[in-house]
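Worksheet: one structure, shown below.
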Amino acid sequence: MTCYIQPFSPLLTPPFSSRTFSSLRTDHHHHPALLHEHNHSLPLASAAAAAATATAIPITSPTLTSTAATTSSAQPLFQESWVESLRFQARSNLFREAILTYIQMLTLAGISPDNFAFPAVLKAVTALQDLNLGKQIHAHVFKFGYASSSVTVANTLVHMYGKCGDIGDVYKVFNRMTDRDEVSWNSIIASLCRFQEWELALEAFQLMLFDNMAPSSFTLVSVALACSNFPRHDGLQLGQQVHAYSLRTGNWRTFTNNAFMAMYAKLGRVADSRALFELFEDRDMISWNTMISTFTQNDHFLEALFFLYLMVLDGIKPDGVTFASVLPACSHLEMLDRGKEIHAYVLKNTNLPENSFVGSALVDMYCNCRQVESGRRVFDGISKRGIPLFNAMITGYAQNEYDEEALSLFFQMEALDGIYPNGTTMSSVLPACVRCDLFSDQEGMHGYVIKRGLEKDRYVQNALMDMYSRMGNIEISKYLFDSMEVRDIVSWNTMITGYVNCGCHENALHLLHAMKKVEEKNKDDDFEDVNRVSPKPNSVTLMTVLPGCAALSALAKGKEIHAYATRHFLASDVAVGSALVDMYAKCGCLNLSRRMFDRMPIRNVITWNVLIMAYGMHGRGEEALELFKNMAAEGDKSGILRPNEVTFIAIFAACSHSGMVREGLHLFHRMKEDYGVEPAPDHYACVVDLLGRAGQLEEAYELIKMMPPEFDKRDAWSSLLGACRIHWNVETGEIAAKNLFQLEPNVASHYVLLSNIYSSAGHWEKAMEIRKMMQKMGVRKEPGCSWFEFGDEVHKFVAGDASHPQSEQLHGFLETLSERMRREGYVPDTSCVLHNVDEEEKETLLCGHSEKLAIAFGILNTRPGTTIRVAKNLRVCNDCHVATKFISKIVDREIIVRDVRRFHHFRNGTCSCGDYW
DNA sequence: CTAGGGTTAG
């Protein structure tokens with residue numbers, strides 16, 4: 001450690017003021033204890049070292065007592081000049097020098113500090129954030145008996161603890177004060193704000209008023225900050241009162257206005273913040289920056305950019321904060337060019353390229369504009385990396401699905417830079433680690449979260465829930481969800497989405513119900529707990545739960561959600577609207593679906609795709625094509641709407657269900673040229689299906705052979721196999737199956753299909769072989785499962801499962817029905833039931849397929865004439881199709897069965913699909 | 001004593 005401060009350099013020489021000359025005294029005799037205990041002969045080098053490392057003041061160090069005094073007599077011994085020097089240095093931001101002077105004053109000159117010296121040295125300590133030093137000076141204050149005599153000293157102590165210490169220290173000093181002035185209150189309020197004790201800060205403000213102490217422009221700054229962090233309503237009310245007070249009393253300065261602007265910004269009152277900005281003419285750079293960040297914080301991105309322009313025009317030079325505030329606007333608007341312009345300006349005109357605030361904003365901007373590599377270059381250019389910068393980069397990687405990079409940077413930050421991930425880091429990296437195939441230690445990440453004590457972070461908890469549900473461990477997600485102390489809207493939505501994605505639609509609906517219950521309960525509470533986030537279903541909730549209704553054909557539930565959406569002004573949301581269009585269509589109500597579509601104020605590609613898909617599922621291919629043409633026409637008008645990959649999937653599916661081979665093929669050949677959509681493997685699979693269903697198996701097979709070699713052919717082969725089952729084509733079916741067995745040996749449906757093809761062609765032996773092969777591979781068929789909505793519940797029926805309470809009754813009913821059907825000419829089609837079957841399959845044979853059970857339940861439990869809607873997880877088999885036609889006639893009911901692909905609307909012995917499906 | 005970094009669900 002070098003002694004870089006010369007003890008008697010001009011800098012340290014006390015500037016002699018008139019006050020100094022007027023009262024020369026040494027003060028030695030006033031503090032004999034001090035002189036007795038401590039010698040004055042601190043070696044200067046170690047004093048400087050102590051000051052430079054800012055750890056301990058030698059006055060309390062035992063080593064001092066043993067050293068002999070040698071130089072003390074040569075020093076100036078005037079207290080005022082020492083203190084004057086100290087104050088000068090503190091004012092000039094020469095903090096280390098100030099501390100050194102303080103030490104020398106005590107040790108070399110033997111002068112005790114006074115009420116002027118303490119504030120000065122405490123200012124230095126505060127600036128250097130050295131709590132240890134601060135505590136020692138606090139001890140001096142006690143020792144020298146100034147604690148009660150000076151309010152100022154106590155105030156600076158409060159301030160020092162506010163910046164360096166903890167809240168307990170702050171309170172200790174504040175509570176012991178016998179006299180409090182305005183600054184005391186300001187200090188305590190500001191400190192409480194620092195500790196984010198917003199409520200306590202406002203309480204202190206009330207006490208201050210109660211104490212008849214008038215707040216100043218400084219007080220109002222802290223109060224505004226506290227208000228802005230209070231739950232919207234209360235904070236705004238109080239903030240407005242305080243602001244009114246400020247205006248009424250003229251108690252404001254530029255920084256007060258800036259603080260009020262910031263307050264309004266945080267409370268979402270952009271117009272108020274802007275009005276303040278425009279009302280007062282003495283704006284400084286902070287006013288401009290606050291204005292700009294008001295805009296970016298509240299999603300007014302274009303205004304943010306515009307005000308940057310105005311700022312520059314006004315001759316104010318933007319600084320790092322300006323850039324960090326305005327870059328998120330470029331990021332959100334994905335205005336890469338504007339962002340680059342700002343980057344260029346920063347590089348050329350400022351010394352900020354290494355500023356990590358600006359760096360984080362740049363990384364975020366580049367990554368949001370999909371320029372991940374550019375983001376990385378900015379990242380690499382910054383030498384002093386903090387967590388925010390790492391977080392920006394990791395988030396950028398994760399959001400662009402650069403999962404490996406996200407993970408590797410995550411591991412690097414601790415290993416190389418010694419920076420520990422925080423909650424933000426974890427919530428960004430968790431989605432990456434569940435997606436990344438090369439990473440398998442997801443549980444390890446959970447362990448790491450616990451090791452770092454981040455398991456209470458709500459964002460982390462939400463991300464973990466999502467991770468487990470994506471891994472298929474929905475039970476763990478639920479456990480985490482249940483163990484959360486505070487659940488926010490994302491927690492609820494994540495859990496609901498998890499259920500929907502795992503196919504547990506019933507649970508999703510139950511959770512929505514529970515969510516609404518909690519909301520109602522919270523509403524009734526007189527006491528509103530600010531920490532409890534009331535889980536009000538939002539647009540995301542609805543759009544995730546609606547597919548659940550659709551999957552279950554839970555029309556009543558869906559309508560209820562629609563009503564909720566309307567009541568809460570969420571139905572006009574494009575995403576929710578589109579989900580409703582989809583739900584109605586999948587519940588069999590094509591006209592409601594269409595009405596919803598027509599009423600939507602804004603539609604996007606998804607909305608259109610959903611409706612085209614809906615018409616397709618309902619076997620109305622012509623209208624689907626018509627819609628497609630309308631869509632293209634509207635797109636030409638607006639220039640925004642364009643058919644995308646999904647649109648073509650919908651179109652091909654529609655053509656396929658309606659047997660419109662020619663139209664489908666035509667569009668397939670034109671899609672790239674006329675609509676700019678490149679055919680993908682999915683499109684091939686759809687067209688194979690289109691051809692195959694129409695019986696053009698040879699053409700379908702040829703099309704697969706024509707697929708680009710790098711394309712994934714799995715879906716195309718399964719389309720072909722499915723078509724072969726419809727048309728009993730053993731030969732092509734074998735080819736398709738052979739390919740599939742190689743590509744996906746663990747998918748049960750391939751084996752089942754081929755075996756069905758064999759049995760329907762009378763090749764029982766071969767069918768058996770496939771069954772054995774399946775057993776050997778340990779592949780199990782997904783059980784057939786149907787749903788029927790009844791009252792408030794959705795009843796589930798599983799093939800071969802007798803757990804339904806009415807199971808016996810249903811089977812009895814089906815048996816009687818079956819006899820009547822036979823009399824009417826029904827012949828069971830057993831091609832899809834395997835002969836020589838194992839136990840499981842025998843049961844299936846006995847109990848019938850799940851859709852039959854659901855239909856029987858519907859007939860028995862609903863009033864005559866009611867339409868029966870059944871949803872099924874697999875395709876409806878031939879036998880059920882034939883049987884349902886008979887049933888619809890015998891019981892005189894409309895029966896709508898929706899399987900994975902499409903609708904069957906049975907009426908009076910016929911089906912809407914005309915037996916083509 | 002005043003402005004600023006960012007994350008999870010879709």
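Residue numbers begin at 1 in each chain, while the letters A, B, ... track the order of the sequences.
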Exercise. Could I get the full list of side-chain hydrogen bond (donor to acceptor under 3.5 Å, both in side chains) partners for A:D364, not counting sequence neighbours?
Key: A:S331
Quiz item: Is A:S360 touching bases, backbone alone, or none of the nucleic acid, heavy atoms closer than 4.0 Å?
Solution: base
Self-check item: B:dT2 pyrimidine/purine six-ring stacking with A:F255, under 5.5 Å and 30°
Solution: no
Self-check item: Sugar-phosphate only, base, or nothing, as touched by A:Q399 at under 4.0 Å among non-hydrogen atoms
Solution: sugar-phosphate
Quiz item: Does the side chain of A:R452 reach to within under 4.5 Å of the side chain of A:M426, using non-hydrogen atoms?
Solution: no
Exercise. Could you check whether the rings of A:Y345 and A:F323 sit parallel, tilted or perpendicular, using 30° and 60° as the cut-offs?
Key: tilted
Quiz item: When all nucleic acid strands are considered with a 4.0 Å heavy-atom cut-off, which category describes A:A190: base, sugar-phosphate, or nothing?
Solution: nothing
Exercise. Flag the pair A:D380 and A:R385 as a salt bridge only when some basic side-chain nitrogen lies within less than 4.0 angstrom of an acidic carboxylate oxygen.
Key: yes
Quiz item: Are A:N501 and A:R470 close enough that a side-chain donor and a side-chain acceptor fall under 3.5 Å?
Solution: no
Quiz item: When we call it a touch if two heavy atoms are under 4.0 Å apart, what does A:S187 touch: a base, just sugar-phosphate, or nothing?
Solution: nothing
Quiz item: A:D284 has an atom CG; how far is it from atom C1' of B:dC1, in whole Å?
Solution: 14 Å
Quiz item: Tell me, which of residues 389-398 of chain A have any heavy atom that sits under 4.0 Å from an atom in DNA chain B?
Solution: A:N391, A:T395
